[in-house]
Amino acid sequence: MTGFLVLEDGTVFRGECVAASGVAFGEAVFTTSMSGYQETVTDPSYANQIVCFTAPMIGNYGVADERTQSDGVHATAVLMREARGPAWTDWLAARAVVALTGIDTRALVLHLRSHGAMRAAAAAAAGEAVVDDVLADVRAQPAMEGAALVAGVSPSEPYAFTGDGDVRVAVVDYGVKRSILTLLARSGAAVDVFPHTVDADTLAGYDGVLLGNGPGDPAPLADETKTVQELLGRTPVLGVCLGHQLLALATGRETFKLPFGHRGANHPVLDRRSGRVLVTSQNHGFAVAPGNDEGVTHVSLYDGTVEGLHYPGLRARSAQFHPEASPGPHDGAPIIAEWVEELRAA
């Protein structure tokens, strides 16, 4: 069965349907990770996005429940040069995910690099769907800039991830990956998870607070930013990805939309304190504006955007990249373990 991807500028890419039929809308983005396809599509940070994999073959090592990062698939559609199955494609179909194979992913990525991530639709075996009609619907979709998406992926009630541990950590779930919770638990923390609406007084009672990753634009998250402001100085804080951006906004910095984002498992980040370069896993379309003041600990070697912050007086730090990877290299993994050890020592 045939299908197509249409971008908001009218560019069309043809492919074959390998999973669910229908039309899926979202922002067309790409990731350069060569593995971790299951982790990618179940990462809540991909909410409202159509994911293109740059690796030429996707699905060749199957699927496994332990690789999932949340309770469902958050990418609205999947684009591949060559999909291998049947385990992977059957898994997508069972979750009603639109997926296309045979897409010229190289041409698509070059287009997105030149023109930026943009609104799009993936149509798979969609009956009478006509490109012009789908394009009109694409152009009627809201832009990612200004989109507050955390309410759609954050839990409605708090829950205990694990009660075993000698330090108590609260995680604010803006769309947190399961592997972050697992790494906290492996580091010896008892972990409670809270929705994005949690108040600062509740969080201040914990030994430390981790501000998790999540989708969308951080700028419209005024209430979440205010909560971070009210929390600073009362208990140690570690921000990851969106949590990093919220810490930046709470301390007077600015965020902006990247042309095509940082998504993949090979992004070089300079630790300004040691001079060491970390190879990191990243997934974000917005970034903290460049700066070189003493609060900036890490910077992207691609574009100079701020990748890490540290405010000793506020007992707060952050990382734009994903220390837990999943998928990706483990250069940043010690960040969470060392933070938990600092909580234990305190």
Side-chain angles (χ1 to χ4, degrees), residues 5-9 22-31 40-52 69-79 97-98 112-113 115-122 134-156 172-177 195-198 211-228 239-250 253-264 282-289 303 305-306 318 320 322:
L5 172 78
V6 59
L7 304 177
E8 68 174 275
D9 64 4
V23 180
F25 297 92
E27 181 186 41
V29 300
F30 64 88
T31 176
T40 295
V41 300
T42 56
D43 181 350
S45 293
Y46 277 107
N48 288 30
Q49 292 180 324
I50 297 172
V51 181
C52 170
Q69 296 299 308
S70 64
D71 291 335
V73 175
H74 292 278
T76 59
V78 177
L79 309 173
V97 179
V98 171
L112 295 178
R113 281 181 58 90
H115 302 283
M118 62 184 74
R119 295 171 297 177
V134 175
L135 177 58
D137 291 337
V138 167
R139 291 171 174 167
Q141 300 299 309
M144 184 60 72
E145 192 165 10
L149 301 180
V150 298
V153 298
S154 183
S156 57
V172 186
D173 186 351
Y174 308 113
V176 72
K177 292 168 64 180
H196 70 108
T197 53
V198 65
L211 310 173
N213 63 286
D217 187 348
L221 302 179
D223 290 342
E224 290 81 355
T225 301
K226 182 179 178 182
T227 297
V228 176
V240 174
C241 199
L242 180 63
H244 160 76
Q245 297 166 5
L246 292 176
L247 176 62
L249 291 172
R253 298 180 186 270
E254 295 182 351
T255 59
F256 68 101
K257 192 175 191 307
L258 293 163
F260 49 84
H262 295 170
R263 298 179 181 89
Q282 305 206 9
N283 172 22
H284 56 275
F286 295 82
V288 178
D303 54 22
T305 51
V306 174
S318 63
Q320 176 66 81
H322 283 265

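You'll find the side chain of V41 stays beyond 4.5 Å of the side chain of Y46, heavy atoms only. Considering only heavy atoms from C-beta on, V228 comes within 4.5 Å of L211 through its side chain. Between L258 and D303, the closest side-chain pair of non-hydrogen atoms falls below 4.5 Å. Using a 4.5 Å heavy-atom cutoff, the side chains of T31 and V51 are in contact. In this structure the side chain of T305 reaches within 4.5 angstrom of the side chain of F256, judged on heavy atoms.
If you take NE2 on H244 and CG on L249, they are separated by 9.5 Å, rounding to the nearest 0.5 Å. Interatomic distance, Q141 CD to N48 CG, rounded to the nearest 0.5 Å: 9.0 Å. Going from atom OG of S154 over to atom CD of E224 covers 8.5 Å, rounded to the nearest 0.5 Å. Atom CD of Q69 sits about 5.0 Å away from atom NZ of K177, to the nearest 0.5 Å. One distance of note links OG1 of T255 with CG of D217; it measures 6.0 Å at 0.5 Å rounding. Distance CZ/F286 to NZ/K257: 5.5 Å, rounded to 0.5 Å.
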Inset, instruction - Decide yes or no on side-chain contact (heavy atoms from CB on, under 4.5 Å) for V29 and I50, but give the supporting numbers first. - result: CA-CA 6 Å; V29 300; I50 297 172; over 6 Å; no

Legend entry - Criterion side-chain contact (heavy atoms from CB on, under 4.5 Å) on L7 and L5, from CA distance to verdict: CA-CA 7 Å; L7 304 177; L5 172 78; 4.0 Å; yes

Inset, instruction - List the steps and the verdict of side-chain contact (heavy atoms from CB on, under 4.5 Å) for Q49 and M144. - result: CA-CA 9 Å; Q49 292 180 324; M144 184 60 72; 3.9 Å; yes

Inset, instruction - Quick one: do V138 and V6 satisfy side-chain contact (heavy atoms from CB on, under 4.5 Å)? Show the steps, please. - result: CA-CA 8 Å; V138 167; V6 59; 4.2 Å; yes

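A side chain to side chain contact (heavy atoms under 4.5 Å, CB included) with N213 is found for one member of V150, D173, D43, N283 and no other, namely D43.
Counted by atom type alone, Q245 and Q320 present one or more donor-acceptor pairs between their side chains at under 3.5 Å. When only modelled atom types and interatomic distance are considered, H196 and D223 share no side-chain donor-acceptor pair under 3.5 Å.
The shortest heavy-atom contact between Y174 and L246 is CZ-CD1, 3.4 Å. Across all their heavy atoms, H322 and C241 have their closest contact at NE2-SG, 3.6 Å. When every heavy atom of A148 is checked against every heavy atom of L221, the shortest pair comes out as CB-CD2, 3.8 Å. Listed here is the closest heavy atom pair of A24 and A77: CB-CB, 4.0 Å. The two atoms that bring V172 and P195 nearest to each other are CG1-O, 4.0 Å, heavy atoms only. R263 and H284 make their closest contact through NH2-C, 3.9 Å (heavy atoms, listed as atom of the first residue, atom of the second, distance).
Counting non-hydrogen atoms of other residues, nucleotides and ligands closer than 6.0 Å to CZ of R113 gives a total of 12 or fewer.
In terms of modelled atom types and a separation under 3.5 Å, the side chain of R119 and the main chain of E8 share no donor-acceptor contact.
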